[in-house]
Amino acid sequence: MKEHLPTHVAFIMDGNGRWAQKRGLARLKGHAQGIETVRTVCEELSKLGVEYATFYTFSTENWKRPWEEVGGLFTLMRTYFKNEMKQIMDKNLRVLFIGDHSETSKLPADILTLMTDVETQTKDNTGLTITFAINYSGRDELLRAATKLVQQSAATGEAVTPEMMAAALDTAGIPDPDFIIRTSGEQRISNFLLWQLAYAELYFSDVAWPDFTATHLQAALSSYMSRNRRFGAVPQVSAA
Ligand code: FPP
């Protein structure tokens, strides 16, 4: 079964707010419950032997939300990494972060430090690689990469190749996602991994992220495994 599994699964964890509102709870409770789903999904992917998972955690557009929610999300991140480091190390998980993490970004200084610390602590782990996209959007990443490449090209005179582009992205060294799962019924990409998703298989689930279970994940992976990926080529036919 492992050879048919995706190497890299990306997630748009949608529906936390609606999940909470439906229950008369603050939206933040939906995000807190969403963290439980991140745990479940990582555990299941590790068990199956999937190598990479990427989670759209905080987009560059999410700053438009009320400060109570934005600040609450950072508090959840602090608590998650404070409580979870032992388990992350025990489970041999490598954690990476993508997005604009420059000094001039609006991210709180302690979140910038936390991300560096977590990456350093987990860098030699050899199990599932989990990437959290924080202060991330695909267009922002492409613009930052293009800026680097323009400078590089001006200095060397070299033409930009697809390999140079991939190496200039935040995801340098991480294979492109084979499969992307978005929960909660919306069917769009929302500025996520725009370069990297070029050939990814898409899967949309009606289930809200906090309700997404290992069984839902298994159903999604079964759908992936039944598909025929052609990458723009014609299907393989055996010679008569
Ligand atoms: C989208 O749901 C979800 C987010 C913008 C945030 C997702 C973040 C988490 C689950 C917290 C994860 C943190 C760690 C450290 C793992 P939404 O709020 O847009 O939902 P809605 O469309 O129902 O309003």
Side-chain angles (χ1 to χ4, degrees), residues 9-46 52-89 91 93-101 106-108 110-119 121-122 128-138 140 180-193 203-213 216-217:
V9 186
F11 295 89
I12 300 182
M13 314 184 271
D14 200 10
N16 295 341
R18 278 166 284 169
W19 181 92
Q21 277 162 345
K22 229 190 210 172
R23 288 160 179 77
L25 301 169
R27 293 175 55 82
L28 216 47
K29 294 273 183 216
H31 297 312
Q33 193 58 37
I35 291 184
E36 296 303 321
T37 305
V38 172
R39 267 195 206 104
T40 306
V41 161
C42 289
E43 198 157 315
E44 187 64 19
L45 292 177
S46 287
Y52 296 86
T54 297
F55 296 94
Y56 205 1
T57 308
F58 187 83
S59 77
T60 53
E61 284 79 22
N62 286 153
W63 293 106
K64 294 179 203 147
R65 296 188 177 205
W67 176 250
E68 190 192 353
E69 184 170 345
V70 171
L73 276 166
F74 293 135
T75 301
L76 284 176
M77 286 175 210
R78 290 180 186 105
T79 313
Y80 172 80
F81 286 107
K82 193 165 153 231
N83 297 339
E84 202 79 4
M85 273 325 282
K86 183 168 168 0
Q87 298 229 46
I88 288 175
M89 295 309 286
K91 290 180 183 158
L93 307 175
R94 181 167 71 126
V95 180
L96 301 173
F97 297 91
I98 55 170
D100 178 5
H101 303 159
K106 287 186 275 178
L107 289 169
D110 72 305
I111 293 283
L112 293 175
T113 309
L114 181 144
M115 291 192 289
T116 312
D117 288 351
V118 171
E119 283 192 342
Q121 271 192 68
T122 64
L128 177 70
T129 295
I130 305 169
T131 302
F132 292 105
I134 292 178
N135 196 29
Y136 175 88
S137 80
D140 179 68
I180 173 158
I181 299 176
R182 180 177 188 142
T183 55
S184 211
E186 313 288 352
Q187 302 198 355
R188 51 180 176 262
I189 293 300
S190 296
N191 212 351
F192 192 38
L193 300 174
Y203 185 90
F204 300 103
S205 164
D206 286 334
V207 176
W209 179 252
D211 285 333
F212 193 77
T213 61
H216 296 120
L217 177 64

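Every number for a ligand or one of its atoms is a count from 1 in the order of the listing. Worth saying up front: this structure is predicted, and the values here are computed from it rather than measured. For reference, positions follow the sequence shown, starting with 1.
Taking only nitrogen or oxygen atoms, main chain and side chain alike, Trp19 does not reach within less than 3.5 Å of ligand 1. By the 3.5 Å distance cut-off applied to N or O atoms, Gly17 is counted among the residues near ligand 1.
At least one heavy atom of Phe132 sits closer than 4.0 Å to an atom of ligand 1. Residue-ligand proximity: Leu76 is placed with every non-hydrogen atom at 4.0 Å or more from ligand 1. Using a non-hydrogen distance threshold of 4.0 Å, Glu186 does not register as a contact of ligand 1. A heavy-atom separation below 4.0 Å is found between Arg65 and ligand 1.
Counting only distance, with no hydrogens or angles, the side chain of Arg182 and the backbone of Arg188 share a donor-acceptor pair below 3.5 Å. Side chain of Asp100 to backbone of Asn135: no donor-acceptor contact under 3.5 angstrom is found. Between the side chain of Asp117 and the main chain of Leu114, no donor-acceptor pair closer than 3.5 Å is present. In terms of modelled atom types and a separation under 3.5 Å, the side chain of His101 and the main chain of Ile111 share no donor-acceptor contact.
The side chain to side chain contact (heavy atoms under 4.5 Å, CB included) with Phe132 is formed by just one residue from the set Thr57, Ile98, Val118; it is Thr57.
Taking the six-membered ring where the residue is Trp, Tyr136 and Phe192 present perpendicular rings, their angle passing 60° and hence far from 30°. Relative orientation of the Phe212 and Trp209 rings is parallel, given thresholds of 30° and 60° on the angle between their planes.
What sits closest to atom 10 (C) of ligand 1 on the protein, heavy atoms only, is Asn16 ND2, 3.4 Å. Of the protein's non-hydrogen atoms, the one nearest atom 21 (P) of ligand 1 is Arg18 NE, 3.6 Å. When hydrogens are left out, the protein atom nearest atom 8 (C) of ligand 1 is Thr57 O, 3.6 Å; that is the closest non-hydrogen contact. What sits closest to atom 4 (C) of ligand 1 on the protein, heavy atoms only, is His31 CE1, 3.8 Å. For atom 5 (C) of ligand 1, the closest non-hydrogen atom of the protein is Asn62 OD1, 3.6 Å.
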Given the rule in the salt bridge (Lys or Arg N to Asp or Glu O under 4.0 Å) test, do Arg18 and Asp211 qualify, once you have shown the distances and angles that lead to the verdict?
CA-CA 11 Å; Arg18 278 166 284 169; Asp211 285 333; over 6 Å; no
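Not counting sequence neighbours, Thr183 has no partner by the side-chain hydrogen bond (donor to acceptor under 3.5 Å, both in side chains) test. For the side-chain hydrogen bond (donor to acceptor under 3.5 Å, both in side chains) test, residues two or more places apart in sequence or in another chain that qualify with Glu36 are Arg39.
Under a 4.0 Å criterion applied to the non-hydrogen atoms of Tyr80, ligand 1 contributes the atoms 15 (C). Atoms of ligand 1 found under 4.0 Å from any heavy atom of Ile35, numbered from 1 in the order shown, are 11 (C), 12 (C), 13 (C).
Of the heavy atoms in Gln21, none comes closer than 4.0 Å to ligand 1.
When the heavy-atom distances from atom 3 (C) of ligand 1 to Arg182, Met13, Lys22 are ranked, the shortest goes to Met13.
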